[in-house]
Number of protein chains: 2
Amino acid sequence: MTDFLARRDSWSTANCSIAGALDVVGNRTTLLLLREASFGTRRFDEFARRVGVSEPVAAARLKQLVADGLLDRRPYREPGQRTRDEYVLTDKGRDLLPVLAALREWGDTYAVDEPAVRLAHHDCGAAVHVALRCAAGHDVPADEVDLLPGPGLLPS
Amino acid sequence: MTDFLARRDSWSTANCSIAGALDVVGNRTTLLLLREASFGTRRFDEFARRVGVSEPVAAARLKQLVADGLLDRRPYREPGQRTRDEYVLTDKGRDLLPVLAALREWGDTYAVDEPAVRLAHHDCGAAVHVALRCAAGHDVPADEVDLLPGPGLLPS
DNA sequence: CGGCTGACTTAGGGAAACCAAAGCCAGCTA
DNA sequence: TAGCTGGCTTTGGTTTCCCTAAGTCAGCCG
């Protein structure tokens, strides 16, 4: 089991968590819609306009996000207005925020000149960034990460 | 500037770091190739086979990754073999590991039953996960993140 | 009750991404 | 020098994603 990396033809494709995640959010528009939801956008036309996507595409992707359980669609009413639907993040959707934060951080460094948004800690105002940590509380640099077989590989 | 979130029609699309990052890696195959590179895969046919993608697609995506500076293509030779090319992560590509780690963590929770791989801290063996932290060293839960205008918005 | 607005859906079409099958070329190996 | 293998490229076709333009439907507003 020590050099299971060398035999990864058997498991690289199958049962991969990254591939599973990408089956749900492996698409530009979907992630940008989640970005908007994390900014607090709730209404259909605002999603479409702010993501820069046509209405049919916004409708299709939002529907898929609701079906996948990342957004919750529920009726609401502003005073003096008719009932509408709004889309809000579920816990499952909110758990993707680290992905968005990691993409943002990479994009800040490599893809844009001046970031339009920065994340700050509400309590102390310091900049927020993504870090790898171990359960014992250590910061883990990329070169101190070991890959080990998980429970999905033990039966083999 | 306090409620700049309410006026985000002006900046949501333009100059977004997430959109910029997705222009480079916003595609399933590309991220899976980077996953393989992070596992140590180097040769063309191994990339194609392990990602589960056809050779023409592997060739096109690897070429794009090299052009974008995420992979380095360089000749190497095994003893008694002819010279070949291998693909290895650059620093720019390695900086995407938090994105892969965040996707993996979400997929472990929501997309697969039993993860095939787990990440451990080389020094202590404890499980590695992705966390949001502020520059002052605090752990930052998702609901303690403030969105503030960045330098790219100040001129407006 | 007729118009307007928000939230979509439908129709038609183009571009991008993928596939399988086959071809090409360089350079060991026999 | 004739094959074999690794690393691609070419060809032709399908699926996915996105577009614009137009239509639908509900319900508040006049």
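Note that the coordinates shown come from a computational prediction; the quantities given were computed from them, not determined experimentally. In what follows, chains are A, B, ... by sequence order, proteins preceding strands, each numbered from 1.
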Specify the separation, in whole Å, of atom CZ of Phe44(B) and atom C1' of dT5(D).
-> 14 Å

Mind calculating the distance between CD (Glu86(B)) and C1' (dC8(D)) to the nearest angstrom?
-> 17 Å

Sidechain N-carboxylate O distance under 4.0 Å for Asp95(B), Lys92(B) = no

For the side chain of Val53(A), starting at C-beta, report the closest nucleotide among dT9(D), dT20(D), dC18(D).
-> dC18(D)

Classify the nucleic acid contact of Arg73(A) as base, sugar-phosphate or nothing, counting any heavy atom under 4.0 Å across all strands shown.
-> sugar-phosphate

Note the angle between the end axes of the helix from dC1(C)-dG30(D) to dA30(C)-dT1(D), five pairs defining each, rounded to 10 degrees.
-> 0°

Grab the CG-P distance between Leu62(A) and dC17(D) for me, whole Å please.
-> 15 Å

Under 3.5 Å, side chain of Thr109(B) to main-chain N/O of Glu105(B), donor-acceptor pair present?
-> yes

Which nucleotide in the set dC8(D), dA20(C), dC17(D) lies at the smallest distance from any side-chain heavy atom of Arg61(A)?
-> dC17(D)

Would you confirm whether Trp106(A), through its side chain, and Gly93(B), through its main-chain N or O, come within 3.5 Å as a donor-acceptor pair?
-> no

Taken to the nearest whole Å, CZ/Arg42(B) to C1'/dG6(D) is 17 Å

Rounded to whole angstroms, how far apart are CG on Leu22(B) and P on dC17(D)?
-> 15 Å

Distance test, side-chain N/O of Lys63(B) to OP1/OP2 of dC8(D), below 4.0 Å | no

Residue-phosphate contact under 4.0 Å: Tyr87(B) side-chain N/O, dC8(D) OP1/OP2 | yes

Of dC19(C), dC19(D), dT9(C), the nucleotide closest to the side chain of Ser54(B) is dC19(C)

Taking CD from Glu55(B) and P from dT9(D), how many angstroms apart are they, rounded to a whole number?
-> 10 Å

Compare the minimum distances between each of dA17(C), dC8(D), dG7(D) and the side chain of Asn27(B), then state the nucleotide with the smallest one.
-> dA17(C)

What residue among Arg50(A), Glu46(A), Glu86(A), Arg49(A) forms side-chain hydrogen bond (donor to acceptor under 3.5 Å, both in side chains) with Thr41(A)?
-> Arg50(A)

Rounded to the nearest 0.5 Å, what separation is found between the CG atom of Asp45(A) and the CD atom of Glu55(A)?
-> 7.5 Å

Once you round it to whole Å, what is the distance between C1' of dC18(C) and CG of Asp23(A)?
-> 15 Å

Among the nucleotides dA7(C), dC18(C), dT9(D), which one has an atom lying closest to any side-chain atom of Arg43(A)?
-> dA7(C)

May I ask you to check whether Ser17(B) and Asp108(A) show a side-chain donor-acceptor distance below 3.5 Å?
-> yes

Contact under 4.0 Å: Thr29(B) side-chain N or O vs dA17(C) OP1/OP2 | no

Flag if over 12 foreign heavy atoms under 6.0 Å of CG, Asp143(B) = yes

Give the rounded distance in Å between these two atoms: CG of Leu31(B) and C1' of dA17(C).
-> 15 Å

So if you build clusters from Ile, Leu, Val, Met, Phe, Trp, Tyr with side-chain heavy-atom gaps below 4.5 Å, do Leu62(A) and Val66(A) land together?
-> yes

5′-ward residue of the pair Pro56(B)/Glu46(B) relative to DNA chain D | Glu46(B)

